[in-house]
Every structure is written in structure tokens, then in C-alpha cells.
Amino acid sequence: MARITAGVGSSHVPAIGAALDRGRTHQPEWRPIFAGYEWSQRWIAAERPDVIILVYNDHASAFSLDFVPTFAIGCADSFAPADEGWGPRQVPEVIGHPELAWHIAQSVILEEFDLTLMDRMDVDHGLTVPLSLMFGQPTAWPVRVIPLAVNVIQYPAPTANRCYRLGEAIARAVATFPEDLNVQVWGTGGMSHQLAGSRAGLINREFDTLFLDRLSEAPDALRVMPHEEYIREAGSEGMELIMWLTMRGALGPRVRELYRFYHVPASNTAVGHVVLVPEETGERSVTDDAVPRSAAA
Ligand code: DHB
Ligand code: FE
């Protein structure tokens, strides 16, 4: 059977991709950031995941405001890098896992959890920058990737709790996929940052630290936080942090934090990164509020 073995949280700042692609990793402002991922690069080389379910948001690269899916799952064979600003990154094409993607879609949609099915989708820095941070600059990515795009751009966005519950539903789906696959779930975006307006440049280290503590130990407190609180504490784009809760929801009630990294600044944002593993509890790890109440009674 397929199994979720770990979760990774990571910022996806586009300037990090540009620094890497332009050979600037050793410049003083970038060196600490890439150093902060060296442990994780060694860890993931040993873990050798088969598939990453990569939760990220599109930044007007694949979707315009003409259509805005709340959740979109990439079911294609492959996904081309795209990007705004610096242009498409010269990174390998992203190879999907259509069989597992369709299985997840089937499972969660029949649990009444709607996803938009994407047979073609270009993927921007939200997805490719975390891949680069974790795997460096290979000629081909050493893993298959199922992109899962979440709308955190156009209101109304999904709640933090819905993101978490999507992670739980994904875990149920993965657990019923018959192939023996080592699957990781990644959540990207954040940490505190605001790109425009009177609070542009906002960084809130205290909130970011609290978020990382609670992500492992008390995720329920993050699930019930309204968008307004994420935005007030972490900035308008800091709301991307709700995507980390999908990763967390997929890991079950208890996790162990293997690694944490936090650094200010990258571009004008705070960079955060964690590696979490599920703690074996013996019991099935997810709540099942997708079961119709009459059936559950
Ligand atoms: C920037 C853009 C992002 O999407 C993000 O998550 C962080 C920073 C930026 O433009 O600097
Ligand atoms: Fe972003």
C-alpha cells in the first residue's frame, strides 16, 4: 500500500529561485538560506520518496481571475515550469503521477470534497522553488509530483480548517492506493510577508514561531483561526500559511518535528521550513467527518 511518511513545510519565495538559477547562492544575503536546507537535502536523499503531493498556490501563472478553483489537482503526466516576473525557470519539467492523482480525486470527491481536475497545468515558483530548495539543481527531479493548487489569492479562500480536512481526506485516499509508494505531502508559502500596501515588508517573527510550534503540537488552534487573523499577524500574503495545514492534516494527530529552519529576510519575506513525521499511534489517524451524519450515527 502507499503510505505518507513525512511532511515538509517551506516558503516558496520566487527570488530564491532566481538566486539559485543565476548562481548567487554564495552571496552573503543568500548563503544562510541555502545553508538552512542542507540538512533537508541530505535527509530527503536518504528518504527517497516516490511521490510528493505538493500543496501550493498559483500566482496568476496557470489561472487568471477568469477562473479560480478553490482546490485543483494536477492529473497530467507532466507539468511545465511557468512564472511571472522573472519568466519560466530553467528547471526540469515536473513529472506527475496520474494514477495516484486520479485515485485521490476519486476518493476525496466521493467523500464530497470537491477538487478541480487539471489535465494540463503550468506550475510556478510556488511549486518549483521548494523543489529546488530540497533537491538542488538536478537535470531531472528525482521524484514524481502531484501538484495541488489552493486558492489563497481571490476571496473567498478556503478556511484553514478546510485545508486541514483536505489533508485528512488525502491521507485516507493514499492509504487505499494499492501500489507500495513512499509518499510525502508538502505545504508551501509563507511565512509572514506582505508584498504591497501600507504594511508592505511586514515580518512577524513571534507569530511565525508560534505558528511553527502549533503546527506540530496544537494544530487545532491554527485550524480555527480566521483569515483575518492570519492576515493581521502574517500579512496579506502570509495567508499562504493555511496551505501548510493540508500537509499537517495528512500526517495524523501526532507528529514529530525532525527539523526547523527560520530566517529573515529573503526578498522582503520571512523564510520558514520544517520536516515533520507522523508519530505512530496505533489507531487510524484521521477524523472522519466526511461520513454523512446519518451513516455515522
Ligand atoms: C514573493 C512572492 C511570493 O509568492 C511569496 O510567497 C513570497 C514572496 C515576492 O514576490 O517577493
Ligand atoms: Fe507565494
Side-chain angles (χ1 to χ4, degrees), residues 8-22 24-25 27 29-30 32-34 36-37 54-65 68-72 74 79 81-89 91 94 121-134 145 147-155 157-158 160 163 186-205 207-208 211-212 215 227 230-231 233-247 261-274:
V8 171
S10 177
S11 302
H12 61 216
V13 187
I16 294 176
L20 192 68
D21 300 345
R22 287 160 174 71
R24 296 187 187 143
T25 56
Q27 291 185 350
E29 68 270 33
W30 292 112
I33 294 161
F34 293 102
Y37 282 78
L54 207 156
V55 185
Y56 75 109
N57 67 294
D58 178 74
H59 304 73
S61 303
F63 308 124
S64 71
L65 292 181
V68 183
T70 301
F71 298 115
F79 306 90
D83 234 316
E84 83 279 17
W86 278 280
R89 295 186 61 212
V91 290
V94 173
M121 180 161 69
D122 294 347
V123 288
D124 71 10
H125 66 267
L127 184 138
T128 62
V129 165
L131 282 178
S132 296
L133 284 167
M134 293 298 290
V145 177
L148 205 158
V150 178
N151 167 39
V152 292
I153 302 279
Q154 169 68 30
Y155 288 87
C163 291
W186 292 10
T188 79
M191 297 202 74
S192 52
H193 65 296
Q194 173 146 341
L195 300 178
S198 59
R199 297 202 307 162
L202 174 142
I203 304 281
N204 185 347
R205 177 186 287 267
F207 173 80
D208 290 338
F211 179 90
L212 293 175
L215 187 69
H227 294 138
Y230 278 98
I231 292 165
E233 298 297 331
S236 49
E237 283 73 30
M239 229 260 289
E240 290 179 339
L241 284 170
I242 65 173
M243 296 184 289
W244 293 42
L245 292 184
T246 301
M247 172 273 281
F261 171 64
Y262 184 80
H263 178 83
V264 176
S267 177
N268 55 356
T269 87
V271 170
H273 168 46
V274 288

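In listed order, ligands and their atoms are each counted from 1.
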### Message
Please check this pair: side chain of Ser236 against backbone of Ile231, looking for a donor-acceptor N/O pair closer than 3.5 Å.
### Response
no

### Message
Given Ser10, which partner from the list Tyr56, Trp244, Tyr37 fulfils the side chain to side chain donor-acceptor pair (under 3.5 Å) test?
### Response
Tyr37

#### Entry: Polar contact flag, side-chain donor to acceptor under 3.5 angstrom, Ser192-Asp208
yes

### Message
Nearest 10°: the angle subtended at the Fe ion (ligand 2) by His12 NE2 and Glu240 OE2?
### Response
100°

### Query
With a 4.0 Å heavy-atom cut-off (strictly under), which part of Pro14 contacts ligand 1: side chain, backbone, both or neither?
side chain

### Task
Output, in order, the C-alpha distance, side-chain angles, deciding distance and verdict of side-chain contact (heavy atoms from CB on, under 4.5 Å) for Asp83 and Asp122.
CA-CA 9 Å; Asp83 234 316; Asp122 294 347; over 6 Å; no

### Query
Which ligand 1 atoms, with their elements, are less than 4.0 angstrom from a heavy-atom of Glu240?
4 (O), 6 (O)

### Task
Would you mind telling me if ligand 1 is within reach of the side chain of His12, the backbone, both or neither, using heavy atoms under 4.0 Å?
side chain

### Query
Nearest protein heavy atom to atom 11 (O) of ligand 1, by residue and atom, and its distance?
Ser267 OG, 3.2 Å

## Note on the structure
If you compare Val271, Leu195, Asn268 by their heavy atoms, the one closest to atom 9 (C) of ligand 1 turns out to be Leu195

### Query
Can you find an N or O of Thr269 that's nearer than 3.5 Å to an N or O of ligand 1?
no

### Query
Side chain of Ser11, backbone of Gly190: donor and acceptor closer than 3.5 Å?
yes

### Query
Please state which protein non-hydrogen atom is closest to atom 7 (C) of ligand 1 and give its distance, to 0.1 Å?
His193 NE2, 3.2 Å

### Message
Tell me if a side-chain donor or acceptor on His227 pairs with a main-chain N or O of Pro158 at a distance below 3.5 Å.
### Response
yes

